[in-house]
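Numbers for residues simply follow the sequence, beginning at 1.
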Amino acid sequence: MNEASNKTEREVIIIGSGPAGLTAAIYAARANLSPLLIEGASAGGQLMITTDVDNFPGFSAGVQGPDLILQMRQQAERFETAFLTGDVTEVDLSKRPFRIVVDDETIYHSKTLIVCSGARARLLGLPAESRLMGNGVSACATCDGFFFREKEVFVVGGGDTAVEEAIFLTRFASKVTLIHRRDTLRASKIMQDKVKAHPKIDLLWDTVVKDITADDSGRVCALVLENVKTGATSKPKADGLFIAIGHSPNTAFLNGQLALDDAGYIVTQADSTKTDIPGVFAAGDVQDAYYRQAITAAGTGCMAAIDAERFLEEEGR
């Protein structure tokens with residue numbers, strides 16, 4: 001906690017410290033709104049477990065995910081954004097100023113609220129998974145597919161996302177194997193037809209990943225697979241593993257006070273970051289189930305700050 005974060009009455013509070021939250025902080029601070037950003041106990045979002053980021057504009061040689069977050073944070077600090085490390089455990093959006101509780105004890109009030117709490121990729125729960133994330137294990141083909149040119153990669157999942165990731169990876173990889181624990185895909189018929197017809201894609205049915213093996217350099221080199229019907233195991237060579245079993249938006253702390261879609265993402269108005277509660281805005285992966293990129297999250301963070309600024313101006317601030 002820095003000294004400025006002790007002020008408990010705010011015009012703008014931002015929840016989340018990924019690209020959306022940090023960009024919102026930069027814009028809100030430059031608008032003299034003195035924002036407080038509550039960054040969570042695990043600050044920085046998904047970029048903190050990302051190694052090479054080559055698709056964020058302005059970094060011709062690429063940038064490490066944690067370094068990108070650090071630079072954005074330092075930029076927000078330069079404009080005197082106040083930061084608070086802690087988890088939002090409760091909010092009351094029934095009246096303004098909104099009530100925000102951090103770590104079940106510290107209470108803040110704010111005229112506006114920008115929710116940028118992000119989403120987390122659902123993982124398999126293997127011990128090696130987190131250790132090898134960014135070293136051959138990925139939850140984003142769009143982000144990391146480029147690094148697997150002429151490599152043999154595997155994708156886990158059976159829905160539209162998994163099929164889309166598998167097809168996307170064929171632009172780079174020499175071979176893509178789609179692993180699914182059942183004998184039929186959940187993806188739409190048209191997507192199933194595309195993946196089954198693709199010459200670079202193999203389908204591996206009734207199979208789960210039991211372990212991930214690394215070589216001496218600490219990169220993925222093989223998988224341990226098990227057939228769920230026969231119990232037979234295999235250990236195919238693998239240069240990469242992409243996990244595509246869905247994402248979970250971080251909205252539990254809202255306790256149902258904002259409108260969510262069927263997948264749990266915050267619903268925002270078209271061409272806006274406005275939610276169904278005036279004065280509450282949402283940006284980044286917590287309201288975007290489609291793009292899920294750092295640059296699009298940053299863009300909506302900018303939009304949310306501008307929306308909050310205009311909302312306050314209309315009220316006479």
Side-chain angles (χ1 to χ4, degrees), residues 46 49-52 54-55 121-248 289-293:
Q46 295 185 71
I49 58 171
T50 304
T51 52
D52 298 315
D54 271 344
N55 55 5
R122 296 185 191 128
L123 301 179
L124 302 173
L126 301 173
E129 200 170 27
S130 297
R131 186 176 74 251
L132 294 172
M133 188 65 67
N135 288 291
V137 175
S138 172
C140 179
T142 306
C143 310
D144 300 327
F146 178 84
F147 302 111
F148 293 85
R149 289 187 178 276
E150 299 306 314
K151 303 291 186 181
E152 295 186 13
V153 302
F154 290 72
V155 178
V156 180
D160 280 339
T161 297
V163 169
E164 288 167 2
E165 300 248 300
I167 293 171
F168 178 82
L169 286 166
T170 61
R171 303 181 189 182
F172 310 101
S174 58
K175 179 182 177 182
V176 179
T177 301
L178 181 61
I179 303 170
H180 188 40
R181 65 181 302 121
R182 299 180 178 85
D183 58 6
T184 56
L185 296 171
R186 302 188 313 276
S188 61
K189 179 65 165 56
I190 189 169
M191 294 304 294
Q192 290 190 44
D193 291 343
K194 284 183 179 181
V195 77
K196 290 175 181 177
H198 203 291
K200 276 191 175 184
I201 299 176
D202 287 343
L203 291 160
L204 196 55
W205 304 110
D206 303 318
T207 300
V208 294
V209 180
K210 300 297 288 184
D211 201 2
I212 309 166
T213 302
D215 58 21
D216 292 339
S217 68
R219 289 196 61 83
V220 171
C221 66
L223 304 179
V224 178
L225 306 179
E226 180 181 273
N227 186 290
V228 297
K229 290 185 176 178
T230 67
T233 60
S234 59
K235 192 175 181 179
K237 172 185 176 298
D239 297 305
L241 174 65
F242 289 81
I243 300 160
I245 56 176
H247 288 72
S248 298
Y290 186 75
Y291 295 103
R292 295 198 303 266
Q293 300 297 302

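Counting heavy atoms of neighbouring residues, nucleotides and ligands inside a 6.0 Å radius, atom NZ of Lys237 exceeds 12 of them.
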Working note: Asp144 + Phe242, criterion side-chain contact (heavy atoms from CB on, under 4.5 Å); need CA distance, chi angles, decisive distance, verdict. CA-CA 9 Å; Asp144 300 327; Phe242 289 81; 4.2 Å; yes
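Applying the side chain to side chain contact (heavy atoms under 4.5 Å, CB included) test between Leu225 and each of Val208, Leu204, Thr233 identifies Leu204 as the sole match. Arg219 pairs in a side chain to side chain contact (heavy atoms under 4.5 Å, CB included) with only one of the listed residues (Asn135, Val137, Leu132), which is Asn135.
When side chains are defined from C-beta on, Thr161 does not count as touching His247, because their heavy atoms never get closer than 4.5 Å. Considering only heavy atoms from C-beta on, Leu185 comes within 4.5 Å of His180 through its side chain. Side-chain contact between Thr142 and Tyr291 is absent, with no heavy-atom pair separated by less than 4.5 Å. Proximity of Ser174 to Glu152: side-chain heavy atoms (C-beta onward) are separated by under 4.5 Å at one or more points.
Atoms CG and CD1, from Leu178 and Ile201 in turn, are 7.5 Å apart once rounded to the nearest 0.5 Å. The distance from atom CD1 of Ile243 to atom CE of Met133, rounded to the nearest 0.5 Å, is 5.0 Å. Remark: Arg171 CZ to Leu169 CG distance equals 9.5 Å, nearest 0.5 Å. Arg149 contributes atom CZ, which lies 14.5 Å from atom CG of Asp239 (distance to the nearest 0.5 angstrom). We find the CD1-CG distance between Ile212 and Leu241 to be 5.0 Å, quoted to the nearest 0.5 Å. The structure places CD of Gln293 at 4.5 Å from SG of Cys143, a figure rounded to the nearest 0.5 Å.
Not a single donor-acceptor pair under 3.5 Å links the side chain of Lys235 to the backbone N or O of Ala222. When atom types are taken as modelled, the side chain of Asp160 and the backbone of Ser188 share a donor-acceptor pair closer than 3.5 angstrom. A donor-acceptor pair under 3.5 Å links the side-chain atoms of Glu129 to the main chain of Leu124, judged by distance alone.
Under 3.5 Å, the side chains of Thr177 and Asp202 contain no donor-acceptor pair of N or O atoms.
By the side chain to side chain donor-acceptor pair (under 3.5 Å) test, Thr170 is found to be paired with His198, residues two or more places apart in sequence or in another chain being considered. A search for ring-ring contact (aromatic ring centres under 6.0 Å, His included) contacts involving Phe147 returns nothing, not counting sequence neighbours.
In plain terms, the two heavy atoms of Met191 and Ile167 that are nearest each other are CE-CD1, 4.0 Å. Smallest separation of non-hydrogen atoms from Cys221 and Ala214: SG-C, 3.6 Å. For the pair Ala238 and Leu223, the tightest heavy-atom approach, listed with the atom from each and the gap, is CB-CG, 3.8 Å. Residues Val195 and Ala166 share a closest heavy-atom pair of CG2-CB, 4.5 Å. Taking every heavy atom of both residues into account, Leu126 and Lys210 meet most closely at CD2-O, 3.3 Å. Taking both residues in full, the closest heavy atoms of Asp183 and Trp205 are given as C-CE3, 3.5 Å, listed atom of the first, atom of the second, then distance.
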